[in-house]
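Note sheet for the following structure.
Here is the naming used below: chain letters follow the sequence lines, and residue numbers restart at 1 for every chain.
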Amino acid sequence: IVMPPPNITDILHVGHGLNNTVQDVIVRWRRMAGDEALWLPGTDHAGIATQNVVEKKLAREQGKTRYDLGRDESDAQTTAYVDATGGTILQQLRAIGASADWSRTAYTLTPELSRAVREAFVQLYEKGLIYRGHRVIHWCSRCLTSLSDEEAEHEDEAGSLYHISYPLAEPISGLASVTVATTRPETMLGDVAVAVNPDDPRYRELIGKELILPITGIRIPVIADAYADPAFGTGVVKITPAHDPNDFEVGRRHSLPMPIVMSPTGMMEEGADAAGRVPERLRGVDRFAARAVIVDELRAAGHLGKVETHNHSVRHCYRCHTVVEPRLSDQWFVKMEPLARPALKAVRSGAIRILPERWEAVYINWLEGIRDWNISRQLWWGHRIPVWSCAAGHDPIISREDVTRCPKCSGPVRQDDDVLDTWFSSWLWPFSTLGWPNADARDLRAFYPTDVLITAPEILFFWVARMIMGGFAFMGDRPFHTVYLHGTVRDTQHIKMSKSLGNGVDPLRVVELYGADALRYTLVAGLGMGADVIIDPKDLEQSFAPGRNFVTKLRNIGKFILSNLGDEAVSPLSAIAPSSLSRSDRWILDRLDVAIADCDTALGPARPTGRTWRPSELRSGLRLSEYAEAARRFVWGELADWYVEAAKGRLMAGGADRDVARAVLVHVFDAALRLLQPIVPFVTEELWQQLPGHADDGTLARAPWPAQRREGTGGRDGAARGSEFEVVRETVAALRQLRSEYAITPGKMIPAVIVPARDAAARAVFDEEGGTIGRLARVTITLADVAPSGTAAHAVLAGGTEVIVPLEGIIDVERECVRLRGELEGLEKQLASLSQRLANEGFVSRAPAHVVEAERKKETEWTARRGQLADKVRSMCGG
RNA sequence: GGGCGAAUAGCUCAGUUGGUUAGAGCGCCUGUCUUACACACAGGAUGUCGGGGGUUCGAGUCCCUCUUCGCCCACCA
């Protein structure tokens, strides 16, 4: 294998890296489990900012006003684009051996996608799901395009609510004017009416009367419409149909004119139906400047009432954050309700699950209230809308192929100037990347429906929901069975890391300081289901040192094992007679099975058992942090801390038992490397390559995922011997505690007497494992039937075994008494609360039998232990 | 305005359907270069599980309420 150079990172910046890392971990896992997963990283949005710049540059160079993606460019330009944007990410992904199929990723400019987009448009049109609508949409006066609801983001702002009095043309019963309230006074130039609620007694008389619109002096009617809320403001609302979606509806109901008083660039101007509405002095004035001017003039003329501060949310362009202007215009829309129906059903029925589960409610809520999707954009790059209009006025032509002349009159045609929303191509992604609309495409048949979509919640609506709708609309099937929404990388202030905010972490620096494996490990281990990953950009050590330390530990375990293998052959575990396995061998093999089971539980199941997810499967799996923790616990806490330590003596002693230990070491370490490969791919690969016992030409990334041993650990007897190693661990822990308690130098060998519990198995454990215990605890063990008299430190193990360290001169009797009394006291306290629980009628009768049984058993054990401890205290401390 | 989530050790977080004495990593304290590893080893200290109320034999876990923070959605001028 060619290992990547050490300074290769799998990410561009940490935010991106999270997504790529999660995807790669899951794909690596699936491949080891036997799935030939095809990973399609990213979308045509990879590097959208760069894309924007590149497209504009290309368009300018070619003198085009519209740049039709996939149709206007040359191959060389495509290549340049890929290099400039997605290419960087993808090259790095390939460098780490990620299973990325990068030719499919930066496909924005390909003719294939262009074809798919046209196909989708035409299909929807033919089903009557695309229509041209004349309505008020969100308009960005900086990007000069319309936006969908999702692209116009709400941001809270402290604005002003201006109260303006509109005089009556002919005053009635002492009433000279009505007051309206507005946050956007400049739009009053486009007012065509004032509405009051028909049930509002205050204004009943006014309905049908006329008002003089200040500034312009135009006469407008007072109309009755339920839209006016008597409880808000003055109960009178001005109606500006061309610049407010609600007012537009009111205008339509009352057949009012709809003057446009603002230019696309946000300047005041007399647009359609607006002759005489914008005074000369305001023409060409920016909307916000015009607002100030108008407010001043109203004040001067005495038309301005109170001005209240008003916190409200204002829509901004998601890309440039300019305040979005509602604007009447003609746009293409997709009728969403019919598309949403199967998408809703899929999630409700469990055909598609969303993890974490709570996002399902958000998804359902959004789809239930879905509104039609404005798909036309006035940007100068994108997929152009495949609609041509006839110069002679015949019906427009909607076509998959380019149209040059009108089929009716053979006259000239003109393609619609607009391009499509970029998400109109993105929602086709699960199948357009696989060859759609060619139904016979090999990849489409092989890979659709796909499996897991991994992304951040922020594009649940933009992209995920629409892909699901698109999957059903164009393929008749779900695009994937699982949506996994991961968290966001944030700093300690919980602010999203981004280049523009400067709170990001440079991954190259992290890789340089801690290594790429440590970076991956840190991200994966920190990724609780749906939780954000918090990293302090000012304290990399806190975040990444644990990952680095773990990787180093792994390396050192490998170094130790490899150095003990030497040139001699290592037997495969299957060639070792089960009877020759030691307690520690059986124990670590048991622990390995547990670790494999824990990892499998954390990760799986990979797909639903049936057509839909069962309730028990719905919330399981893809718990990456639990998987990382299970693997780590096994490698460090069990393999390194106990098995390797216990094996040292056997390795040094040589003989047949040495070969058994070597075989088990290799087997267990090999499995551990497999478990870790998806999270720590580099170091595990490097170590595994050096490990004997597997095909030389293989790579760890392609090796099978470990399975639990079907034959167990050698029958009932074997299982018992495995659990007997727990007694060894307990004894060693007790001895270490005593040593530490009496500050005995760790290196010093001391004597220890063990009085095993009164059963043959316990006796055998200490007979046979005395050497191991002695090495691990640095003691020389003597077995006895009764505790020796004399000054000594004592410990009583759970099973009743006594551990005694007789050290005249070092052990202080008084101190030992204090220690033992403290221990006894603690035990008695716990025993008392336990007894109380068991004496409680309610507990015994209502708690499940197994819980009560466990408590009873505990009571017996603790009582015995208390007796032993009390004896110690009595004999040694005299009372 | 509606909805959702979070609050557990100094820090970052686990804690699955209520059931031992609430855990991990880092940090902290004590000791150690024990022939893989001081990025390590051994031992140790640290929690009114945000506040209050309730249900239950039993609550970090379920219900109500309050506080603080965060996120999503939203055409009330």
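Where A:Glu741 and A:Thr552 each meet RNA chain B at their nearest nucleotide, the meeting point lying more 5' is that of A:Thr552. The residue among A:Glu150 and A:Glu841 whose nearest nucleotide of RNA chain B is located toward the 5' end is A:Glu841.
Residues A:Leu665 and A:Val644 are in side-chain contact: their nearest non-hydrogen atoms beyond the backbone lie under 4.5 Å apart. Side-chain contact between A:Leu189 and A:Ile294: present, with at least one pair of heavy atoms (C-beta onward) separated by less than 4.5 Å. Residues A:Arg184 and A:Glu325 meet the side-chain proximity criterion, which asks for heavy atoms closer than 4.5 Å.
Among B:U32, B:A14, B:C71, the nucleotide with an atom closest to any side-chain atom of A:Ala531 is B:A14. Minimum atom distance to the side chain of A:Phe232 is reached by B:A77, of the listed B:C39, B:A77, B:G19.
Look at A:His310 and you won't find any side-chain N or O under 4.0 angstrom from OP1 or OP2 of B:C76. Of the side-chain N and O atoms in A:Arg837, one or more sit less than 4.0 angstrom from OP1 or OP2 of B:U21. Remark: A:Gln737 is in phosphate contact with B:G44, judged by side-chain N or O atoms under 4.0 Å from OP1 or OP2.
Taking atom CD of A:Glu855 as the reference point, atom C1' of B:U20 lies 6 Å away to the nearest angstrom. In this structure, A:Tyr203 places its OH atom 13 Å from C1' of B:A77, rounding to the nearest Å. Remark: P of B:A74 and CG of A:Asp229 are 21 Å apart, rounded to the nearest angstrom. The distance between atom CZ of A:Arg729 and atom P of B:C41, rounded to the nearest whole Å, is 14 Å. For the pair A:Arg775 CZ and B:A36 C1', the interatomic distance rounds to 16 Å; values are reported in whole Å. Between the CD atom of A:Glu368 and the P atom of B:G2 there is a distance of 19 Å, given to the nearest Å. The distance from atom CD of A:Gln836 to atom P of B:U20 is 17 Å, rounded to the nearest whole Å. One can place NZ of A:Lys648 at 10 Å from C1' of B:C41, the figure rounded to the nearest angstrom.
Among the heavy atoms of the strands, none lies under 4.0 Å from A:His850. Here A:Arg619 lies out of heavy-atom contact (under 4.0 Å) with every strand.
Atom C1' of B:C63 sits at a distance of 37 Å from the matching atom of B:C26, rounded to the whole Å. B:U61 and B:A74 have their C1' atoms separated by 34 Å, with the value rounded to a whole Å.
For A:Gln542 against B:U12, a side-chain-to-base donor-acceptor contact under 3.5 Å is absent. Below the 3.5 angstrom threshold, one finds no donor paired with an acceptor across the side chain of A:Glu626 and the base of B:A24. The base of B:C39 sits within donor-acceptor range of the side chain of A:Arg548, with an N or O pair under 3.5 Å.
The list of salt bridge (Lys or Arg N to Asp or Glu O under 4.0 Å) pairs with a residue in residues 825-841 of chain A, not counting sequence neighbours, reads A:Arg837-A:Glu855.
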Could you list the donor-acceptor pairs under 3.5 angstrom formed by side chains in residues 531-546 of chain A, with sequence neighbours left out?
residue: A:Asp532; atom: OD1; partner: A:Thr488; partner atom: N; Å: 2.8
residue: A:Asp532; atom: OD2; partner: A:Arg490; partner atom: NE; Å: 2.6
residue: A:Asp536; atom: OD1; partner: A:Lys538; partner atom: N; Å: 2.9
residue: A:Asp539; atom: OD1; partner: A:Glu541; partner atom: N; Å: 3.4
residue: A:Asp539; atom: OD1; partner: A:Gln542; partner atom: N; Å: 3.2
residue: A:Glu541; atom: OE1; partner: A:Tyr514; partner atom: OH; Å: 2.7
residue: A:Glu541; atom: OE2; partner: A:Arg548; partner atom: NH2; Å: 3.2

